[in-house]
Amino acid sequence: MNDKTNTKVGDNTRLAHMGNNPRDFHGFVNPPVVHASTVLFPDAHTMATRNQKYTYGTRGTPTSDALAAAMNELEGSAGTIIVPTGLAAVTVPMLAFLSAGDHVLIVDSVYHPTRYFADTMLARLGVEVTYYDPHLGADITSVMQSNTKVVLTEAPGSGTFEMQDIPAIVEAAHKGGAIVMMDNTWATPLFFRPLDHGVDISIQAATKYPGGHSDILLGTVSANEACWEQLLDTHGALGMCAAPDDVYQVLRGLRTMGVRLERHQKSALTLARWLEGQKGVARVLHPGLESHPGHEIWKRDFTGASGLFSIVLDGGGEKEAHAFLDALQYFGLGYSWGGYESLAVHVQLNDRTVAHAPKEGPVMRLQIGLEDVEDLQADLARALEAVNAL
């Protein structure tokens, strides 16, 4: 961003200007999309010493560097790697910092594919896995072991939106010699900067709000100074690089992420408050609501909320969940989120071990998109009427 980085400016101003200096590319406001595998060297000595900025496509290009620089500015990180998916953004750092015989603590409300990776790949590689209650906070010391090397957090939790006391977990984990990773996809670094709260590695599924249009898969991993070199080395060893067109699309999406998040947040909170008073809704799981058990932690540490939350239906099971989903017209039935369109899904929670599912009824996760909130409210009203009519 050149010397403008030295000035304290607002989020949307930063998003509009970070990750590229137009003077570097003949004045063009967007960086080039560089498709590269082979990079040529001017002479044998340079080739032997690799003494030039770019050496091979997997080691970075001007396109990936632009997005990494933008993420470093957002995260306050020493370095960022770009990987092909949000799941890879979780698995690569875990592979970087865990070895056979190590122990990892993973919050029990974690994104299910992360759990699957831990229960299969990490277990096969000889890493011991323990899932912990998201409400432990400083009491995480009660489940730490002498060989605990990583604590993986996610706040709020996938599906049921439990908040975690991240600063307390960080302090306890660091005293025990473990590093702390956080999946921060829900908040993005606009609403919560993990590294500012002591987290060592911040993880994002850039598929979601950075991409913003439901057509790109990408992940970013941002590390502090102490963890950066080891993360970068593992990234190179795995050859886990992302395609340049996808990287460019996410960098492009970042330019509007701030204004999109404002809309997502406002609409989601409006609907969450309305849903709290509706027949057929037992609970609304949104940390921005005063009724949420983790609201005070959210208010203390976070500066905003995104467009994803859940409701618990008042009784029933799969039949009621399907009736709710099938009555929706504007909410699509899909597993992702963070895009422009609203989505709904019946959350499956039978994999939990200590953070048990709500008992009142099915949990329905809602991604609130950019549609007019009145239309979304009418759609949800139709869905609740369908359930109440059973």
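Owing to the predicted nature of the structure, the values given are computational and were not obtained by experimental measurement. Heavy-atom basis, side chains included; hydrogens, waters and symmetry copies ignored.
Residues Trp337 and Tyr209 place their aromatic rings such that the two centres sit under 6.0 Å apart. Ring centroid separation for the pair Phe192 and Phe302 comes in under the 6.0 Å cut-off.
Side chains of Ser202 and Asn184: no donor on one and acceptor on the other come within 3.5 Å. Looking only at atom types and distance, the side chain of Glu290 has no donor-acceptor partner in the side chain of His292 under 3.5 Å away. Judged by distance alone, the side chains of His103 and Thr130 do bring a donor and an acceptor atom under 3.5 Å apart. Looking only at atom types and distance, the side chain of Asn51 has no donor-acceptor partner in the side chain of His45 under 3.5 Å away. With hydrogens and angles left out, the side-chain atoms of Asp200 and Asn224 include a donor and acceptor closer than 3.5 Å. A donor and an acceptor atom, one from each side chain of Glu276 and Ser291, are located under 3.5 Å apart. The closest side-chain donor-acceptor pair between Asp43 and Thr46 falls under 3.5 angstrom. Looking at Arg352 and Thr160, their side chains do bring a donor and an acceptor atom within 3.5 Å of each other. Checking His135 against Asp133 by side-chain atom types alone, a donor-acceptor pair falls below 3.5 Å. Between the side chains of Asn147 and Gln145, at least one donor N or O sits under 3.5 Å from an acceptor N or O. Between Thr55 and Arg59, the side chains place no donor N or O within less than 3.5 Å of an acceptor N or O (distance only, hydrogens not considered).
Residues Ser109 and Pro134 are in side-chain contact: their nearest non-hydrogen atoms beyond the backbone lie under 4.5 Å apart. Considering only heavy atoms from C-beta on, Met182 stays 4.5 Å or farther from Glu154 through its side chain. Residues Val34 and Pro244 fail the side-chain proximity criterion, which asks for heavy atoms closer than 4.5 Å. Taking the side chain as every heavy atom from C-beta outward, Trp186 and Pro156 approach each other to under 4.5 Å. Within the 4.5 Å cutoff, side-chain heavy atoms of Val33 are placed close to those of Asp245. You'll find the side chain of Leu152 reaches within 4.5 Å of the side chain of Val90, heavy atoms only. Using a 4.5 Å heavy-atom cutoff, the side chains of Val284 and Val281 are in contact. Within the 4.5 Å cutoff, side-chain heavy atoms of Phe41 are placed close to those of Gln52.
Judged by distance alone, with hydrogens and angles left aside, the side-chain atoms of Asp246 form no donor-acceptor pair with the main-chain N or O of Ala243 at under 3.5 Å. The closest donor-acceptor contact from the side chain of Asn72 to the backbone of Thr80 lies under 3.5 Å. Checked by atom type and distance alone, the side chain of His26 never pairs as donor or acceptor with a backbone atom of Asp24 at under 3.5 Å. Side chain of Asn388 to main chain of Leu384: a donor-acceptor pair is present (N/O by atom type, distance under 3.5 Å, no hydrogens or angles). Counting only distance, with no hydrogens or angles, the side chain of Thr114 and the backbone of Val110 share no donor-acceptor pair below 3.5 Å. Using modelled atom types, one side-chain atom of Gln278 and one backbone atom of Trp274 make a donor-acceptor pair closer than 3.5 Å. Thr207 contributes a side-chain N or O that, together with a main-chain N or O of Leu218, makes up a donor-acceptor pair within less than 3.5 Å. Between the side chain of Ser64 and the main chain of Gly60, no donor-acceptor pair closer than 3.5 Å is present. When atom types are taken as modelled, the side chain of Arg260 and the backbone of Leu254 share no donor-acceptor pair closer than 3.5 angstrom. Between the His235 side chain and the Ile82 main chain, a donor and an acceptor come within less than 3.5 Å of each other.
Between Glu75 and Arg193 there is no salt bridge, since none of the side-chain N atoms of the basic residue sits less than 4.0 Å from a carboxylate O of the acidic one. Salt-bridge formation is detected for the pair Lys53/Asp65: a Lys NZ or Arg NE/NH1/NH2 atom is positioned less than 4.0 Å from an Asp or Glu carboxylate oxygen.
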Asn12 and Glu262: CA distance, side-chain angles, deciding distance, side chain to side chain contact (heavy atoms under 4.5 Å, CB included) verdict: CA-CA 11 Å; Asn12 289 312; Glu262 288 175 20; 3.3 Å; yes

From CA spacing to verdict: side chain to side chain contact (heavy atoms under 4.5 Å, CB included), Arg252, Asn30: CA-CA 8 Å; Arg252 183 177 174 181; Asn30 287 314; 5.9 Å; no

Chi angles and distances behind the side chain to side chain contact (heavy atoms under 4.5 Å, CB included) call for Phe309, Leu275: CA-CA 11 Å; Phe309 67 95; Leu275 282 162; 3.8 Å; yes

Stepwise side chain to side chain contact (heavy atoms under 4.5 Å, CB included) check, Met181 with Phe97: CA-CA 10 Å; Met181 303 178 184; Phe97 291 92; 3.8 Å; yes

Would you be so kind as to tabulate the donor-acceptor pairs closer than 3.5 Å made by side chains of residues 365-381, with sequence neighbours excluded?
unit_1, atom_1, unit_2, atom_2, d
Arg365, NH2, Tyr335, O, 2.8
Gln367, OE1, Gly338, N, 3.1
Gln367, NE2, Gly339, O, 2.8
Gln367, NE2, Glu341, O, 3.0
Glu371, OE1, Ser342, OG, 2.8
Glu371, OE2, Ser342, N, 2.9
Asp379, OD1, Gln329, N, 2.7
Asp379, OD1, Arg382, NH2, 2.9
Asp379, OD2, Gln329, N, 3.1
Asp379, OD2, Tyr330, N, 2.6
Asp379, OD2, Phe331, N, 3.1

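A salt bridge (charged side-chain N to carboxylate O under 4.0 Å, His left out) check over residues 165-191, counting only residues at least two apart or in different chains, returns the pairs Asp165-Arg300, Glu171-Lys175.
Leu217 and Met240 fall into different hydrophobic clusters, defined by Ile, Leu, Val, Met, Phe, Trp and Tyr side-chain heavy atoms under 4.5 Å apart, directly or through other members. Note: the hydrophobic cluster containing Leu308 does not contain Leu289 (ILVMFWY, side chain heavy atoms under 4.5 Å, direct or indirect links). Cluster annotation: Val354 and Val104 are assigned to distinct hydrophobic clusters (Ile/Leu/Val/Met/Phe/Trp/Tyr, side-chain heavy-atom contacts under 4.5 Å, transitive). When the side chains of ILVMFWY residues are joined at heavy-atom separations under 4.5 Å, either directly or via intervening members, Tyr54 and Tyr248 end up in two distinct hydrophobic clusters. Linking Ile, Leu, Val, Met, Phe, Trp and Tyr residues whenever their side-chain heavy atoms come within less than 4.5 Å places Leu98 and Met121 in a single cluster.
Note: His322 NE2 to Leu390 CG = 12.0 Å, rounded to the nearest 0.5 Å. Summarising the geometry, atom CG belonging to Leu333 is positioned 6.5 Å from atom CG belonging to Leu328; distances are rounded to the nearest 0.5 Å. Within the model, atoms OG1 of Thr303 and CH2 of Trp298 stand 8.5 Å from one another, a figure rounded to the nearest 0.5 Å. Here Cys227 contributes atom SG and Leu232 contributes atom CG; the two are 12.5 Å apart, rounded to the nearest 0.5 Å. How far CG of Leu313 is from CE of Met364: 6.0 Å, rounded to the nearest 0.5 Å. Separating the CE atom in Met71 from the OG atom in Ser77 is a distance of 9.5 Å, to the nearest 0.5 Å.
The salt bridge (Lys or Arg N to Asp or Glu O under 4.0 Å) search around Arg115 returns Asp108, Asp351, not counting sequence neighbours.
Nearest heavy-atom pair across Gly219 and Ala89 is CA-CB, 4.0 Å.
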